[in-house]
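We're numbering straight along the sequence, starting at 1. The model shown is predicted, which means the values in this text are computed figures rather than measured ones.
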Amino acid sequence: MAKRWSHRDLIEDVFDIDDLLDAHEMMEVEAENSRRAKAAAELQGGGVLP
């Protein structure tokens with residue numbers, strides 16, 4: 001989900017509340033995956049990932 005949505009999409013009501021909730025859940029999962037990857041790298045002595 002590298003690119004979320006454009007301002008134009010929001011203005012034209014392309015998305016509804018369910019889409020917003022789905023996007024929020026995806027962002028939470030991305031953040032948790034990133035946190036876990038950094039923790040695993042630190043445990044393995046590989047340093048911190050960018």
>> Using the side chain to side chain donor-acceptor pair (under 3.5 Å) criterion, which residues pair with Glu25? Sequence neighbours excluded.
In response: none
>> What's the separation between atom CG in Leu20 and atom CD1 in Ile17, rounded to the nearest 0.5 Å?
In response: 4.5 Å
>> Distance check, rounded to the nearest 0.5 Å: Met26 atom CE versus Asp19 atom CG?
In response: 8.5 Å
> What distance separates Glu32 CD from Arg35 CZ, expressed to the nearest 0.5 Å?
Replying inline: 4.0 Å
